[in-house]
Each structure stands twice: as C-alpha cells, then as structure tokens.
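Reviewing the structure listed below.
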Amino acid sequence: MAGIKLHAAIDVLIKGNRVHNTGRGLWMDWMAQGTRITGNLLYDNSTEDLFVEVDHGPFVVDNNLLLSVISLNDMSEGGAYVHNLMAGKILSRPEPSRATPYHHAHSTAVAGLSATRGGDDRFYNNILIGGGADLAAAAQDPKSKRATGFGLWVYDARELPLQTGGNVYLSGARPYAEESGALVLSNVDPKLRVEERNGGVYLHLTLPPEVRNAETKLVTTVLLGKAMVPQLAYENADGTPVVIDYDYFGKKRAGGRPTPGPFEQPGPAALKVW
C-alpha cells in the first residue's frame, strides 16, 4: 500500500528513511497527531511521496526531500511543512463527506470528530520547484474541489487559510494567493537530478544566489500556533516546544535567517543524501 502506512500515528517519529520505487511513499491515514516526519529521502515513487488522509493535525513535516512526480497529496488540515525540498506537484482537496477523529494532546482518547475542510496548514522556508514556466498551471476539479499543480496556489480555494513565510518558488511553481514575501524565481531551473552511484544516492541541485534573499525565520512552536480543529500546539511528543534548528544532515541552522530548504548553506557540488 505504501513504503510506510500508519493509522493513528499519534506522537510517532518517522525519521531518516529512504523510500523509492513504491506506489505511495508515506501514507498517514486518519489521526496523525503529534506526528513528526523529518529527514527522509523520497524519490521515484509512482503515486506520491507523502499522502496525508483526513488528519486534523497538529503534525510536522520538516527537512525532507520529496522528489517524485507528486510530492504531497494533502487531504488533511493542520500540517506544518518546514524546510522541505518539494520537486513535484501538490494535490490539495477537502473531504467533507467523512468525519474523522482528533484527540486530546499526546493521547489516544478521542476528543471529537470533524470533516476535513482543507487548509489550516503552515508552509515555512520550503523550496518548491515547478515543471517550467509553461507548465505552472494545472488541473482543478470544481466538483471535488481538487487542485493539483506546482506550488501553494493549489490552496487558494481552501476554506481555511494557510500560514506561510520564507518559501522559494523556482521553475514556474506559484505561491499561495495570500502569501507575502514569497521569493519567486520563475525562470530559474535548478537542474535537479538524483543519481544512484556506488551504493549511495547523490542529489544534483543548482540553486541561484538569490535564494539567500528569502525572508526566512526560525520555526518554533510559538510561530506555528495551534491547529484549528483540535486547538493544540505543534510540540514534541513529550510536550516540549518544537524548534526546527537542524537541517537534513543534522547541521545546526542559522538562528536569524536559516537557509530555505533542507540544507543549511549547501555548497555547489553534488550532495550525498544517502
């Protein structure tokens, strides 16, 4: 069904996995709350890298490489997406016909049921890559309210607003309509390529110097606020505050203006990511 598929991934940590050549990469189905998905490498998955299905948050997805044709299939709300590299499309859709559980903090006890209106996500300090300026527009289905394309514009019609900041859009990816301070470099092709060599995986990525101008900030529990449906904060499984201050490799991030994407101050050479 997926490389990793879980129901009720309450306070679960999914870290440091390489998931490739599957259908779905990661599938968080119902009641992903307090979940953190961090430092994972996903590529060449035929359906999508990450599917979050009828979850209400809070959950955190940070410092991941989501490099397949579809990076994120979001049929949820209340997610925080931070410092990811998203090279594929995003699919956004509500699910008003199913009411699914949410929980008390760090507990399996059900606090209530809610349909999924969509939105109420946080996107901070991500790099989103499009398919070229002429491929930026993509499909919208008025009946299902499904929208698919490169960038956060797919959330423009969602009932619940996004929180955004410090995101970089390359090669035709487009920002959220209400997003301020987005760095849009539509004509920049980062020439992303994944190479498997000598038992390792290398990422070829050419980022322009303008990426340093992104209006990033350190992402913390305070910045993220509370997920709307459960009215709970984004925090660690032990109840301590979340601070996204390390990168994909475990390198300490700059406190004031961290580098967007999963790598803090990457060099120009190919990066060995596995």
Side-chain angles (χ1 to χ4, degrees), residues 1-12 14 22-37 42 45-61 66 68-81 86 88-105 107-123 137-164 174 176-178 224-232 234:
M1 299 294 287
I4 298 173
K5 181 181 190 289
L6 294 173
H7 281 269
I10 297 171
D11 289 345
V12 166
I14 299 175
T22 70
R24 293 193 162 108
L26 307 179
W27 186 353
M28 301 297 104
D29 189 359
W30 291 34
M31 300 178 285
Q33 186 171 305
T35 313
R36 185 169 180 185
I37 298 171
L42 297 103
N45 296 310
S46 59
T47 308
E48 67 263 322
D49 288 325
L50 173 61
F51 181 27
V52 285
E53 183 177 6
V54 291
D55 305 303
H56 305 292
F59 58 87
V60 177
V61 179
L66 306 173
S68 298
V69 174
I70 296 179
S71 293
L72 171 63
N73 183 348
D74 184 4
M75 196 192 298
S76 290
E77 54 204 0
Y81 301 86
M86 307 179 81
K89 295 178 181 179
I90 297 174
L91 189 160
S92 168
R93 61 166 294 183
E95 180 48 273
S97 63
R98 284 189 284 170
T100 55
Y102 57 94
H103 301 265
H104 298 286
S107 170
T108 59
V110 174
L113 300 173
S114 179
T116 301
R117 291 177 284 174
D120 189 39
D121 292 323
R122 291 99 172 105
F123 283 88
Q140 297 189 68
D141 182 347
K143 184 176 180 180
S144 68
K145 297 185 178 180
R146 177 196 305 252
T148 310
F150 295 106
L152 300 185
W153 70 269
V154 298
Y155 292 95
D156 288 354
R158 295 290 78 86
E159 181 178 346
L160 305 177
L162 301 186
Q163 296 181 25
T164 59
R174 292 160 41 198
Y176 179 54
E178 303 300 320
L224 295 174
K226 291 184 177 181
M228 186 174 294
V229 171
Q231 282 296 297
L232 295 176
Y234 296 79

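These numbers come from a predicted model, not from an experiment.
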Calculate, to the nearest 0.5 Å, the distance between atoms [atom1] and [atom2] belonging to [X] and [Y] respectively.
X    : Y    : atom1 : atom2 : value
R158 : R93  : CZ    : CZ    : 9.5 Å
E48  : K89  : CD    : NZ    : 13.0 Å
F59  : D11  : CZ    : CG    : 14.0 Å
R98  : T116 : CZ    : OG1   : 7.5 Å
L26  : L42  : CG    : CG    : 5.0 Å
M28  : M75  : CE    : CE    : 14.5 Å

Taking all heavy atoms of [X] and all of [Y], pick out the closest pair and write down the distance.
X    : Y    : answer
K226 : Y234 : C-CE1, 4.1 Å
P94  : G118 : CB-N, 4.4 Å
A227 : P58  : CB-N, 3.9 Å
T148 : V154 : C-CG1, 3.8 Å
W27  : A2   : CB-CB, 3.9 Å

- [ ] Carefully, step by step, assess R36 and I14 under the rule side-chain contact (heavy atoms from CB on, under 4.5 Å).
- [x] CA-CA 6 Å; R36 185 169 180 185; I14 299 175; over 6 Å; no

Open item on the list: Any heavy-atom pair between the side chains of L113 and P101 that's under 4.5 Å?
Closed with: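 A side-chain contact under 4.5 Å exists here.
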
Task: Side chain to side chain, D156 and Y176, heavy atoms closer than 4.5 Å - done: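 The answer is yes, as the side chains (C-beta and beyond) meet within the 4.5 Å cut-off.
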
TODO: Using the six-membered ring wherever Trp is involved, compare the ring planes of F123 and Y155 and label them parallel, tilted or perpendicular (cut-offs 30° and 60°).
DONE: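 Geometry flag for Y155 against F123: tilted rings.
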
- [ ] Could you tell me whether the side chains of T35 and Q33 share a donor-acceptor contact shorter than 3.5 Å?
- [x]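 Q33 and T35 do not have a side-chain donor-acceptor pair below 3.5 Å.
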
Open item on the list: Run the side-chain contact (heavy atoms from CB on, under 4.5 Å) test on Y81 and D74 for me, step by step, so that the C-alpha distance in whole Å, both residues' side-chain angles and the decisive distance to 0.1 Å come before the verdict.
Closed with: CA-CA 11 Å; Y81 301 86; D74 184 4; 4.2 Å; yes

Short question: side chain of [X], backbone of [Y] - any donor-acceptor pair under 3.5 Å?
X    : Y    : value
R122 : L224 : yes
S76  : V54  : yes
N45  : G25  : no
T22  : S46  : no

TODO: Step by step, work out the side-chain contact (heavy atoms from CB on, under 4.5 Å) result for L91 and R146.
DONE: CA-CA 7 Å; L91 189 160; R146 177 196 305 252; 3.3 Å; yes

Task: N73, D121, V61, L72 screened by side-chain contact (heavy atoms from CB on, under 4.5 Å) with V52, the one that passes - done: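 It is L72; the other options fail the test.
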
TODO: Could you list the residues that satisfy side chain to side chain donor-acceptor pair (under 3.5 Å) with S68, not counting sequence neighbours?
DONE: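 Result, side chain to side chain donor-acceptor pair (under 3.5 Å) vs S68: D49.
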
Task: Contacts of K5 that satisfy side chain to side chain donor-acceptor pair (under 3.5 Å) - sequence neighbours left out - done: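 Only H7, D29 meet the side chain to side chain donor-acceptor pair (under 3.5 Å) criterion with K5.
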
TODO: Using side-chain contact (heavy atoms from CB on, under 4.5 Å) as the criterion, list what pairs up with V229, not counting sequence neighbours.
DONE: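 side-chain contact (heavy atoms from CB on, under 4.5 Å) list for V229, sorted by chain: H56, E77, Y102, S114.
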
